[in-house]
There are 2 protein chains.
Amino acid sequence: MSEDGNRLGAELSLRVVMFHEAIARRLGVSNSEHKMLDLVARHADGITPGELSAATGLSNAAVTKIIDKLVAADYVRRERSSRDRRSFRIRTTPHFQQTSRPTAAGLARRIEEMNQGFDQEELAAIGRWITGVIEALKVETERLESRGR
Amino acid sequence: MSEDGNRLGAELSLRVVMFHEAIARRLGVSNSEHKMLDLVARHADGITPGELSAATGLSNAAVTKIIDKLVAADYVRRERSSRDRRSFRIRTTPHFQQTSRPTAAGLARRIEEMNQGFDQEELAAIGRWITGVIEALKVETERLESRGR
DNA sequence: TAATTTGTTTCACCTTAGTGAAATAACAGG
DNA sequence: CCTGTTATTTCACTAAGGTGAAACAAATTA
């Protein structure tokens with residue numbers, strides 16, 4: 001799956017991006033708001049605005065505004081950090097969890113079903129593969145962002 | 001890989017989106033321009049502005065402007081369609097192919113390498129799985145866009 | 001060949017996303 | 001406690017991304 005794999009990967013990438021956007025529209029947030037939301041959601045222990053701007057490359061001001069909108073939508077809340085009272089920990093609200101789950105549920109169910117067609121070894125391989133791809137994406141994104149080619 | 005698979009999927013999705021954005025920045029185009037570029041790139045035989053607005057949900061005016069920018073960057077060109085001379089076929093330029101390949105090459109190579117760790121059956125399963133996921137994404141995106149839940 | 005429709009672009013405009021700089025408030029070190 | 005620093009927000013502003021309506025030009029139909 002070499003050259004062919006490349007095409008598959010590109011297609012997957014585009015489809016993921018478009019799905020991501022569709023979810024955003026459904027949640028009533030913009031793409032950057034959704035990305036931010038995703039980032040927050042993946043930190044169960046909360047994440048600070050500063051970390052968010054570092055992670056996204058956006059200015060602090062931009063992050064503040066996005067958080068404001070997410071707070072207004074009741075997807076996220078600010079909790080003053082106990083150790084540093086200048087700072088906040090941003091975390092998702094129950095409302096977000098309840099709202100976001102069903103929107104992605106259709107896809108989850110569909111993939112679930114599809115997975116029935118694979119045996120245990122295959123599923124294990126697929127799991128390993130995805131983990132590897134995530135790592136690769138992380139490293140390569142980093143590389144593209146920072147130093148030249 | 002059920003609940004766990006969900007988390008993996010979310011992580012994969014976010015990483016893909018962020019990688020996509022990193023590539024866009026590298027190519028010097030905006031996210032929507034990049035999405036459009038991707039869409040064009042996947043149609044070797046070219047695609048019309050009308051089809052592009054249908055595919056993205058953007059207005060014709062928006063598509064025209066994005067194409068203008070992509071043309072200015074020499075990533076894409078308009079070829080008058082032979083059968084309908086009002087219309088164009090948009091296709092990527094050699095310059096795009098030369099520019100875009102190396103930016104994604106790092107990831108491709110890395111995944112290539114990773115694939116060495118899988119045998120033929122596993123790779124085949126992974127390929128089938130990806131194809132299935134793409135289909136699922138397509139259907140679910142469609143569903144989210146159009147009719148309610 | 002006139003009338004209508006279709007594909008795309010141009011125009012004038014609005015909204016949203018993002019910025020840098022100043023303001024606020026809490027921290028860390030002497 | 002001052003002093004300087006750090007985390008975040010507020011403010012005033014610019015630029016991007018988008019829209020609908022009008023304008024064109026080629027295609028289709030009658």
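By convention in this document, chain letters (A, B, ...) are assigned in the order of the sequence lines, proteins followed by strands, and residues within each chain are numbered from 1.
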K.L.:
Would you mind classifying the nucleic acid contact of Thr64(B) as base, sugar-phosphate or nothing, using non-hydrogen atoms under 4.0 angstrom?
P.N.:
base

K.L.:
If we only count heavy atoms from C-beta on, is the Arg128(B) to Glu122(A) side-chain gap below 4.5 Å?
P.N.:
yes

K.L.:
From CG of Leu58(A) over to C1' of dT16(C), roughly how many Å is that when rounded to an integer?
P.N.:
14 Å

K.L.:
Taking Val71(B) as the starting point, is it possible to reach Leu58(B) by hopping between hydrophobic residues whose side chains are less than 4.5 Å apart?
P.N.:
yes

K.L.:
What contact category does Asp84(A) fall into here, base, sugar-phosphate, or nothing, at under 4.0 angstrom with non-hydrogen atoms?
P.N.:
sugar-phosphate

K.L.:
For Arg42(A), I'd like to know if atom CZ has over 12 heavy atoms of other residues, nucleotides or ligands within 6.0 Å.
P.N.:
yes

K.L.:
Identify the 5'-most and 3'-most nucleotides of DNA chain D with at least one atom closer than 4.0 Å to a non-hydrogen atom of chain A.
P.N.:
dT6(D) to dT10(D)

K.L.:
Arg78(B) near the nucleic acid: base, sugar-phosphate alone, or nothing, with a heavy-atom cut-off under 4.0 Å?
P.N.:
sugar-phosphate

K.L.:
Give the rounded distance in Å between these two atoms: CD of Glu51(B) and P of dG7(C).
P.N.:
10 Å

K.L.:
With sugar-phosphate meaning primed atoms plus P, OP1 and OP2, does Ser87(A) contact a base, only sugar-phosphate, or nothing at under 4.0 Å between heavy atoms?
P.N.:
sugar-phosphate

K.L.:
Which residue, Val63(B) or Gly50(A), contacts DNA chain D at a nucleotide closer to its 5' end, judged by nearest heavy atom?
P.N.:
Gly50(A)

K.L.:
Using whole Å, report how far CZ of Arg86(B) lies from P of dT9(C).
P.N.:
13 Å

K.L.:
Do Met36(A) and Thr56(A) pass the side-chain contact (heavy atoms from CB on, under 4.5 Å) test, and can you show the C-alpha distance, the side-chain angles, and the key distance before you say yes or no?
P.N.:
CA-CA 8 Å; Met36(A) 198 68 72; Thr56(A) 57; 4.0 Å; yes

K.L.:
Say whether, by atom type as modelled, one donor and one acceptor occur between the side chain of Arg91(B) and the main chain of Arg78(B) under 3.5 angstrom.
P.N.:
no

K.L.:
State whether the side chain of His20(A) and the backbone N or O of Ser13(B) hold a donor-acceptor pair below 3.5 Å, judged by distance alone.
P.N.:
no

K.L.:
When you measure from every atom of DNA chain C, which of residues 30-43 of chain A have a heavy atom less than 4.0 Å away?
P.N.:
Ser30(A), Ser32(A), Glu33(A)

K.L.:
Closer to the 5' end of DNA chain C via nearest nucleotide, is it Arg85(A) or Asn60(A)?
P.N.:
Asn60(A)

K.L.:
We want to know whether His95(B) and Thr99(B) form a side-chain donor-acceptor pair, criterion being a heavy-atom distance below 3.5 angstrom.
P.N.:
yes

K.L.:
Using atom types as modelled and distance alone, determine if a side-chain donor or acceptor of Tyr75(A) lies under 3.5 Å from a backbone N or O of Val29(A).
P.N.:
no

K.L.:
Please check: side-chain N/O of Thr48(A) versus main-chain N/O of Arg89(A), any donor-acceptor pairing under 3.5 Å?
P.N.:
no

K.L.:
Using whole Å, what does the distance between atom P of nucleotide dG7(C) and atom CG of Leu52(B) come to?
P.N.:
14 Å

K.L.:
How many whole angstroms separate atom CD1 of Ile90(B) from atom P of dT8(C)?
P.N.:
8 Å

